[in-house]
Amino acid sequence: MGLLEGKNALIFGLANERSIAWGITQAFKREGANLGISYAGEMLERRVKPLAEQVNCKWVEECDVTKDEHIAAIAGKAAKHFGKIDVLVHSIAFAGRDELSRPYYQTSREGFKNAMDISVYSFVALSNAFLPILNPGASLMCMTYGSGAVKVAPHYNVMGVAKAALESSTRYLAYDLGPQKIRVNAISAGPIRTLAAAGVGGFRDMYKHFADMSPMRENVTIEDVGNMAVFLASDLSTRVTGEVIYIDSGFNIMGVQMSGKEEQASNQ
Ligand code: NAP
C-alpha cells in the first residue's frame, strides 16, 4: 500500500516535465494519492493537460496566484470535487529577468513587489483560502533555495530575499496552524535545470559548481524532491513542522569549499 493512499493532494506550479512540481506529482501518484493539479495560465494548459493525463489526474485547474478571485475560486472548486484536502504543495516562484542579472541594489520597486507577491504571499494566501477544507494532520509545503535565502547566491538577488521571507512564512504558518495539527514545511533543493532556473543569471555555472563542491559530488533531481515531498506529505513526518529540509547532496554544510581536484592535490 502506498504511503499516500486515501490522501487528497493538490500541487500548484506545474509548468512542464522539468518542473519540480512534476517530480512531486509523479511521486505522489506512485504512493497512491488522489491528485489535483493547478497551473498558472492559459498558455500552460496545452503542456499541463497531457502531463495530468499521464498520471490519470482528472482535476486540472488554472490559478494565477496574483489574483485573489482565482485563489478563492480554486479553493471552492477543490471543496466541491475533493471535499477535504490533506496535502498542498506550493511550487511557485517568479522574478523578472532583469532583477536576476543586475546587482541586487538595482532591484526595482515593481520587481521587488512582484517577486514577493508571487513567490511568498501566494503561499500565505493559499493556506488561508484552503484552511476551511484542510483535514487535521494536513501537510502544506513550499519550495525554497536556502543557499540563496540564508546566504548569498550570486545573481539570485531578490529571489533570495523572497525565499528568506518564504522560509520565515513557513515558520509563522506552522505556528498558527499547529494547534489544528496542520503542518507546514519548506523543501530546500539544490539547483535543478527548470524553466524558472533558466532565468537566473549564471545558473549553468552555479549548477556545475554545485556538483563539484557538494560532499556527494552530485546534482539533485526532481525525483529526489518528489521523494522528500512524499515523506512530508505522509504520516511518517507527523510531528515535523516549521522546518526547512535540505536536499542538496550536503552542499549547505560546507563552510569552505574545495573541488575534488583541489582536494586531491592537497592530499598528495
Ligand atoms: P518551474 O517549472 O518554472 O515552476 C515555477 C512555477 O511557478 C511555474 O509553473 C510558473 O508558471 C509558476 N508561476 C509563476 N507565476 C505564477 C503565478 N502568477 N500564478 C501561478 N503560478 C505561477 O520551475 P521550478 O524550478 O520547478 O520551480 C518550482 C519551485 O521550486 C519554485 O518555488 C522555485 O523557486 C523552487 N526551487 C527551484 C530550484 C531550481 O534550481 N530549479 C531550486 C530550489 C527551489 P509559469 O511558467 O506560467 O510562470
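We count residues from 1, following the sequence as given. Just follow the structure's listing: the first ligand is 1, and inside any ligand the first atom is 1.
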Practice task
Using a cut-off of 6.0 Å, state whether more than 12 heavy atoms not belonging to Arg97 lie near its atom CZ.
Solution key: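 Atom CZ in Arg97 is not crowded, with 12 or fewer foreign heavy atoms closer than 6.0 Å.
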Problem - Side-chain heavy-atom pair Leu51, Glu17 within 4.5 angstrom cut-off - result: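 Yes, at least one pair of side-chain atoms sits under 4.5 Å.
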Practice task
Side-chain contact test, heavy atoms from C-beta onward, threshold under 4.5 Å: evaluate it for Pro191 versus Tyr145 and give yes or no.
Solution key: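 Heavy-atom side-chain distance check passes, below 4.5 Å.
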Problem - Contact residues of ligand 1 (heavy atom under 4.0 Å), by chain and number - result: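 For ligand 1, the contacting residues are Gly13, Leu14, Ala15, Ser19, Ile20, Ala40, Leu44, Cys63, Asp64, Val65, Thr66, Ser91, Ile92, Ala93, Ile118, Met143, Thr144, Tyr145, Lys163, Ala189, Gly190, Pro191, Ile192, Thr194, Leu195, Ala196, Ala197, Phe203.
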Exercise for the section: Group every Ile, Leu, Val, Met, Phe, Trp and Tyr by side-chain heavy-atom contacts under 4.5 Å, then state whether Val184 and Ile11 land in the same group. Expected result: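 Different hydrophobic clusters.
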Exercise for the section: Establish, from distance only, whether the side-chain atoms of His209 and Gln257 form a donor-acceptor pair under 3.5 Å. Expected result: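 Yes.
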Practice task
Go through the side-chain N and O atoms of Thr238 and Asp235 and say whether any donor and acceptor fall under 3.5 Å apart.
Solution key: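 Note: Thr238 and Asp235 side chains miss the donor-acceptor criterion.
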